[in-house]
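Read through the structure below, which is laid out as structure tokens, and then see the notes.
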Amino acid sequence: AFLEFGFMERFITEPASLHFHHAFPGGLLAHSLECAEAVAWFPGLETDLRDLAVVAALFHDAGKTLVFRNQRRTRIGHLVSHDALTLRALHAPLSWLEQAWPDASHALMHIWTCRSEKRWGYRTLNPVAQLVQMADRWSAESDKYRAAFADAGPWQNCAQFANGESFWRPLPPEDNGTLAMKERVNG
């Protein structure tokens, strides 16, 4: 088997983060599926690149299976980035893939570890890397947005996420009488 049972169990039960986004049991799987779905629907990708993008998006946070255990940060999670740990968590399947299709294995490792050249010094060399990073950011921000508005009334267009981060949403158009009455009630 490529992946040990412990990896698979943690991949479907751990959060994607402890306080930031998808911070609930199973959040890592929810976030990963959301990212994979986002890149799968992206227009203009050739079949091989689309397949690579979906796999990259689905497992981009695989290292978090080593960072979190029982909804808490592990010792190694305090010391090593989850991006670097993704390569460790997926070592066996990447080794197999490197024998079968070296470029795909190298592409996945690049996608999972490259970041902003300005910040870390590694430039993304393939647009799929940027697409996966974009899907990651979109999924995280969307989850915080949903959580912020979870208990808000349909007339509220401002809300805060648990950490105090503020969000705004446009309200649907209303007739002036309904809007004026809500303004009087809400002060």
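Aromatic ring orientation, F7 versus F59: tilted (interplanar angle from 30° to 60°). Ring planes of H22 and H31: tilted class, angle from 30 to 60°.
For CG of N163, the number of neighbouring non-hydrogen atoms (other residues, nucleotides, ligands) closer than 6.0 Å is greater than 12. Few gaps surround NE2 on H78; more than 12 heavy atoms of other groups in view lie less than 6.0 Å from it. Other residues, nucleotides and ligands contribute more than 12 heavy atoms inside 6.0 Å of the NE2 atom of H106. Environment of CZ in R169: crowded, with over 12 heavy atoms of neighbouring residues, nucleotides or ligands closer than 6.0 Å. For Q71, the CD atom sits in a packed shell: over 12 heavy atoms of surrounding residues, nucleotides or ligands are nearer than 6.0 Å.
Side-chain contact between F161 and H21: absent, with no pair of heavy atoms (C-beta onward) separated by less than 4.5 Å. Taking the side chain as every heavy atom from C-beta outward, W168 and C158 approach each other to under 4.5 Å. Residues H60 and T86 have side chains not in contact (no heavy-atom distance under 4.5 Å, counting atoms from C-beta outward). Within the 4.5 Å cutoff, side-chain heavy atoms of L58 are placed close to those of L33. Residues D143 and F20 have side chains not in contact (no heavy-atom distance under 4.5 Å, counting atoms from C-beta outward).
Under a hydrophobic clustering in which Ile, Leu, Val, Met, Phe, Trp and Tyr are joined whenever their side-chain heavy atoms come within less than 4.5 Å, directly or via other members, M109 and L49 fall into the same cluster. Residues V128 and W101 share a hydrophobic cluster, clusters being chains of Ile/Leu/Val/Met/Phe/Trp/Tyr side chains in contact below 4.5 Å. By the criterion of side-chain heavy atoms lying less than 4.5 angstrom apart, applied directly or through intervening Ile, Leu, Val, Met, Phe, Trp or Tyr residues, L66 is not grouped with L29; the two fall into different hydrophobic clusters. In the hydrophobic cluster analysis, where Ile, Leu, Val, Met, Phe, Trp and Tyr join through side-chain heavy atoms closer than 4.5 angstrom, M8 is grouped together with V55. Both L97 and L52 belong to a single network of hydrophobic side chains, linked directly or stepwise wherever heavy atoms of I, L, V, M, F, W or Y lie under 4.5 Å apart.
For the atom pair I111 CD1 and T124 OG1, the distance stands at 10.0 Å (nearest 0.5 Å). With values rounded to the nearest 0.5 angstrom, L45 atom CG is found 6.0 Å from L131 atom CG. To the nearest 0.5 Å, the span separating NE2 on H82 from CG on L87 amounts to 11.0 Å. Taken from CD1 in I12 to OG in S32, the straight-line distance is 12.0 Å, to the nearest 0.5 Å. Annotation: the span from W138 atom CH2 to E141 atom CD amounts to 11.5 Å, rounded to 0.5 Å. Separating the CZ atom in R88 from the CG atom in L94 is a distance of 14.0 Å, to the nearest 0.5 Å.
Taking every heavy atom of both residues into account, V39 and A135 meet most closely at CG1-CB, 3.8 Å. Counting all heavy atoms, side chain and backbone alike, F68 lies closest to R73 at CE2-NH2, 3.9 Å. Shown here for Q160 and G164, the closest heavy-atom pair between the two residues is NE2-O, 3.4 Å. Considering every non-hydrogen atom in both D136 and C35, the closest pair reads CA-SG, 3.6 Å.
Of the charged side-chain nitrogens involved, none lies within less than 4.0 Å of a carboxylate oxygen, so that E34 and R137 do not count as a salt-bridged pair.
Side-chain N or O atoms of R50 include one that pairs as donor or acceptor with a backbone N or O of F42 at under 3.5 Å. In this structure, the side chain of T65 engages the main chain of A62 through a donor-acceptor pair within 3.5 Å. Not a single donor-acceptor pair under 3.5 Å links the side chain of T13 to the backbone N or O of G26. A donor-acceptor pair is defined here as one N or O able to donate and one able to accept, closer than 3.5 Å; such a pair exists between the side chain of Q133 and the backbone of C114.
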#### Entry: Worked check of side chain to side chain contact (heavy atoms under 4.5 Å, CB included) between K64 and E14
CA-CA 8 Å; K64 290 183 178 182; E14 291 298 337; over 6 Å; no

